[in-house]
There are 2 protein chains.
Amino acid sequence: MSLKYGILGFLSEWPGASGYDLKKEFDTFMNPFWHTHLSQIYPELNHLEEKDLVHSEVIEQTAKPDKKIYTITEKGRDYLRDWLSSSPQSPKIKEAFLMRSFFLDNVTADEAIFQLQLYKKRREDRLKNMKRTLKQRLTEMKNENAALTPRILMITSVYKKGLDEEKGFIRWCEETIKLIQHYKDLWKKEEREEEDILLNHESLKDAPKWFVELIDEINE
Amino acid sequence: MSLKYGILGFLSEWPGASGYDLKKEFDTFMNPFWHTHLSQIYPELNHLEEKDLVHSEVIEQTAKPDKKIYTITEKGRDYLRDWLSSSPQSPKIKEAFLMRSFFLDNVTADEAIFQLQLYKKRREDRLKNMKRTLKQRLTEMKNENAALTPRILMITSVYKKGLDEEKGFIRWCEETIKLIQHYKDLWKKEEREEEDILLNHESLKDAPKWFVELIDEINE
DNA sequence: AGCTACATGTAATCTGTTACATGATTTC
DNA sequence: GAAATCATGTAACAGATTACATGTAGCT
């Protein structure tokens with residue numbers, strides 16, 4: 001549903017991209033907020049052209065396969081602006097790893113910690129790549145034309161959020177690992193039942209700070 | 001792909017839920033990380049039962065339609081644990097509103113600000129609902145059995161992240177609104193071209209702090 | 001009289017992913 | 001000699017969404 005707008009949005013600023021170029025952009029520059037496949041891009045481009053929202057031109061190349069480059073039409077720009085002005089919906093969230101974490105009491109504390117460490121690494125890699133891509137693009141833009149534009153503002157703002165998302169997940173993994181380590185004994189069922197740790201202020205005294213704060217926040 | 005694990009995970013802790021019950025849980029308790037539809041839940045439950053991962057029982061009700069309640073089998077628990085121990089993948093992010101924002105230079109500054117205000121409201125509503133749900137569940141758990149369990153730890157940790165996500169988006173909307181307001185003139189094309197604002201330290205002196213910091217962070 | 005909650009499903013459609021197909025050039 | 005890059009697509013399958021179907025009880 002949103003893919004077509006991503007394509008139109010990208011073409012609105014960088015005309016003359018091919019389907020293959022677009023895929024590379026989704027994998028790098030647009031990676032903080034969207035991903036897709038070539039097998040979805042090509043039919044979508046054909047569909048957009050049928051509706052006269054984009055227009056294509058075949059470029060013959062030597063030593064490389066021919067390519068079709070696309071330009072957005074005026075009708076396409078209107079269509080994009082209509083979307084940008086339509087009422088934004090509440091996000092439809094699917095965070096597979098948070099779902100996993102929600103049920104991590106089903107495995108051992110060590111396994112849970114291991115999972116969080118692995119996921120933290122994935123997010124660290126994403127953060128590194130994002131920084132690299134942003135730096136590269138800002139440098140390119142500076143070299144071409146050093147003027148600050150609305151375009152650069154919005155890109156920077158979205159990247160700020162993208163980078164913060166990665167940092168946020170990395171921090172959360174670390175905090176959650178500490179939490180599990182602190183309460184590791186709870187995972188050993190044998191040691192429970194006798195003396196239960198209660199969900200009250202005294203028992204939470206030396207628990208990680210954020211955990212205590214959350215319990216407090218919820219109880220006003 | 002992950003839906004079945006969400007169902008198994010939920011049934012692993014709250015046995016005796018119907019498809020209808022599960023939908024309510026996805027809409028409330030599991031809302032911070034997943035969403036789905038009844039028309040996806042019912043076939044999935046039948047599929048899980050065919051594979052002996054869950055087992056159902058029809059409960060006849062008076063004044064209400066009959067319902068089928070589900071219990072996870074031992075095979076189902078193994079299947080869930082296998083998933084929980086499998087290697088977590090890098091997230092496949094689709095944030096429609098960030099994509100929108102990335103292209104908001106295509107509409108006026110006022111329209112962009114309006115969009116961000118609307119989206120901020122959506123996130124504020126989500127935050128309120130999440131807090132309400134968490135408070136309610138923690139209260140229920142306390143009343144039943146005040147013991148701190150791995151289950152409660154993981155739920156709390158995931159909710160901490162869910163709440164932070166909402167707060168993070170709300171803050172980002174506010175910051176981005178301020179940024180657009182600060183650079184509003186850039187959106188009026190006529191006033192540009194004459195004297196371009198450069199992407200350097202002097203021109204960024206009175207720009208929002210986070211914006212300057214990001215530019216610095218990227219340049220090491 | 002109309003709406004919401006309860007409860008389970010199917011059908012049609014749309015979106016997304018993996019696999020397949022082709023073929024030249026460049027890099028390891 | 002194998003793998004990656006460039007380049008465009010189709011086909012099959014999996015997952016997600018909207019619409020349709022049915023019917024009672026209770027609330028406004």
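Quantities reported herein were computed from a predicted structural model and do not represent experimental measurements. Convention: sequence-line order gives letters A, B, ...; per-chain numbering from 1.
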Query raised in the report: If you pin A:T62 and B:G19 to their nearest nucleotides in DNA chain C, which one's is more 5'?
Result: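 Final value for this comparison: B:G19.
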Requested in this report: Whole angstrom is fine here: how far is it from CD1 in B:I41 over to P in C:dA7?
Outcome: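 These atoms are roughly 14 Å apart.
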**Report entry** Contacts of type side chain to side chain donor-acceptor pair (under 3.5 Å), residue A:E213, not counting sequence neighbours
**Finding:**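 Listed in chain order: nothing, the list is empty.
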Query raised in the report: Just how far, in rounded Å, is C1' of C:dC6 from CD1 of B:I59?
Result: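 After rounding, the gap between these two atoms is 15 Å.
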Query raised in the report: To the side chain of A:Q40, which of C:dG9, D:dA7, C:dT17 is closest?
Result: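 Minimum distance to the A:Q40 side chain belongs to C:dT17.
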Query raised in the report: Are A:Q61 and D:dA7 close enough that a side-chain N or O sits under 4.0 Å from OP1 or OP2?
Result: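 Result: yes.
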**Report entry** Rounded interatomic separation in angstrom, taking CD1 from A:I69 and P from D:dT8
**Finding:**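 After rounding, the gap between these two atoms is 10 Å.
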Requested in this report: Indicate the atoms forming the closest heavy-atom contact of A:S56 with A:K68, along with that distance.
Outcome: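 For A:S56 versus A:K68, the nearest heavy atoms are OG-CE, 3.8 Å.
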Report task. Measure the acute angle between the ring planes of A:W14 and A:F10, then classify it against the limits of 30° and 60° as parallel, tilted or perpendicular. Result ->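 Rings of A:W14 and A:F10: parallel, as their planes differ by under 30°.
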Requested in this report: Taking salt bridge (Lys or Arg N to Asp or Glu O under 4.0 Å) as the test, write out the residues that go with B:K64, two or more places apart.
Outcome: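 So B:K64 forms no salt bridge (Lys or Arg N to Asp or Glu O under 4.0 Å) with any residue.
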**Report entry** Sub-4.5 Å side-chain heavy-atom contact between B:W34 and B:S2
**Finding:**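 Side chain of B:W34 against side chain of B:S2, heavy atoms only: contact under 4.5 Å found.
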Requested in this report: State, with a plain yes or no, whether a side-chain heavy atom of A:L11 is found less than 4.5 Å away from one of A:T71.
Outcome: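 Answer no - side chains too far apart.
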Query raised in the report: Below 4.0 angstrom from OP1 or OP2 of C:dG9, is there any side-chain N or O of B:K68?
Result: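 Result: yes.
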Query - Nearest-Å distance for atom pair CG/C1', residues A:D27 and D:dT5 - result: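 Checked: the CG to C1' distance equals 13 Å.
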Query raised in the report: How many Å lie between OH on B:Y42 and P on C:dA11, as a whole number?
Result: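 Roughly 17 Å, once rounded to whole Å.
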Query - Under 4.0 angstrom between A:Y20 side-chain N/O and D:dT8 OP1 or OP2 - result: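 No, because none of the side-chain N or O atoms of A:Y20 sits under 4.0 Å from OP1 or OP2 of D:dT8.
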**Report entry** B:L22 side chain near B:Y42 side chain, heavy-atom distance below 4.5 Å
**Finding:**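 When only atoms from C-beta onward are counted, B:Y42 and B:L22 do not touch, as no gap falls below 4.5 Å.
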Query raised in the report: For A:Y20, what residues pass the ring-ring contact (aromatic ring centres under 6.0 Å, His included) criterion, not counting sequence neighbours?
Result: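 A:Y20: no ring-ring contact (aromatic ring centres under 6.0 Å, His included) contacts found.
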Requested in this report: Report which part of the nucleic acid A:K94 touches: base, sugar-phosphate, or nothing (heavy-atom distance under 4.0 Å, all strands).
Outcome: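 The answer is sugar-phosphate, as A:K94 gets under 4.0 Å only of primed atoms, P, OP1 or OP2.
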Requested in this report: Would you please name every residue forming a ring-ring contact (aromatic ring centres under 6.0 Å, His included) with B:F103, sequence neighbours left out?
Outcome: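 Listed in chain order: nothing, the list is empty.
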Query - Euclidean distance, atom NZ of residue A:K4 to atom C1' of C:dT15 [Å, nearest integer] - result: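 Going from NZ in A:K4 over to C1' in C:dT15 covers 11 Å.
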Query raised in the report: Do any of residues 28-38 of chain B sit with a heavy atom less than 4.0 Å from DNA chain D, and if so which?
Result: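 Going residue by residue through residues 28-38 of chain B, the ones with a heavy atom under 4.0 Å of DNA chain D turn out to be B:H35, B:H37.
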**Report entry** A:E124: partners by salt bridge (Lys or Arg N to Asp or Glu O under 4.0 Å), with sequence neighbours left out
**Finding:**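 Salt bridge (Lys or Arg N to Asp or Glu O under 4.0 Å) list for A:E124, sorted by chain: A:K120.
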Query raised in the report: Could you give the CD1-to-C1' distance, from B:I7 to C:dT8, as a whole number of Å?
Result: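 Whole-Å distance recorded here is 14 Å.
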Query raised in the report: Roughly, in whole Å, what's the span from CG in B:L22 to P in C:dA7?
Result: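 To the nearest whole Å, that distance equals 12 Å.
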Could you list, one pair per line, each protein nitrogen or oxygen that sits under 3.5 Å from a nitrogen or oxygen of nucleotides 19-24 of chain C, together with the distance?
none

Query raised in the report: If an axis is fit to five pairs at each end of the helix from C:dA1-D:dT28 to C:dC28-D:dG1, what is the angle between the two, to the nearest 10°?
Result: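 It works out to 40° between the end axes.
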Query - Contact nearer the 5' end of DNA chain C, comparing B:S18 with A:E44 - result: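 Going by which nucleotide is closer to the 5' end, it is B:S18.
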**Report entry** Any residue of residues 46-57 of chain A with a heavy atom less than 4.0 Å from an atom of DNA chain D
**Finding:**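 None - not one residue of the stretch has a heavy atom sitting under 4.0 Å from the strand.
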Query raised in the report: Taking C-beta and beyond as the side chain, do A:Y70 and A:L8 meet within less than 4.5 Å on heavy atoms?
Result: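 Heavy-atom side-chain distance check fails, nothing below 4.5 Å.
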Requested in this report: Heavy atoms only: give me the nearest B:V107-B:A112 pair and the separation to one decimal.
Outcome: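 Reported closest heavy-atom pair: CG2-N, 4.1 Å.
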**Report entry** Below 4.0 Å: OP1/OP2 of D:dT5 and any side-chain N or O of A:K24
**Finding:**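 So the side chain of A:K24 is outside the cut-off, no N or O lying under 4.0 Å from OP1 or OP2 of D:dT5.
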For residues 23-32 of chain B, which side-chain N or O atoms pair as donor and acceptor with protein atoms under 3.5 Å away, sequence neighbours left out?
unit_1, atom_1, unit_2, atom_2, d
B:K23, NZ, B:D27, OD1, 3.0
B:K23, NZ, B:D27, OD2, 3.4
B:K23, NZ, B:T36, O, 2.8
B:E25, OE1, B:R137, NH1, 3.0
B:E25, OE1, B:R137, NH2, 3.3
B:E25, OE2, B:R137, NH2, 3.1
B:T28, OG1, B:K24, O, 2.8
B:N31, OD1, B:R126, NH1, 3.4

Report task. Mind checking side chain to side chain contact (heavy atoms under 4.5 Å, CB included) for B:D52 and listing every partner two or more places apart, or none if nothing turns up? Result ->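 B:K75.
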Query - side chain to side chain contact (heavy atoms under 4.5 Å, CB included) partners for B:T139, two or more places apart - result: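 Expected list: B:K135, B:N143.
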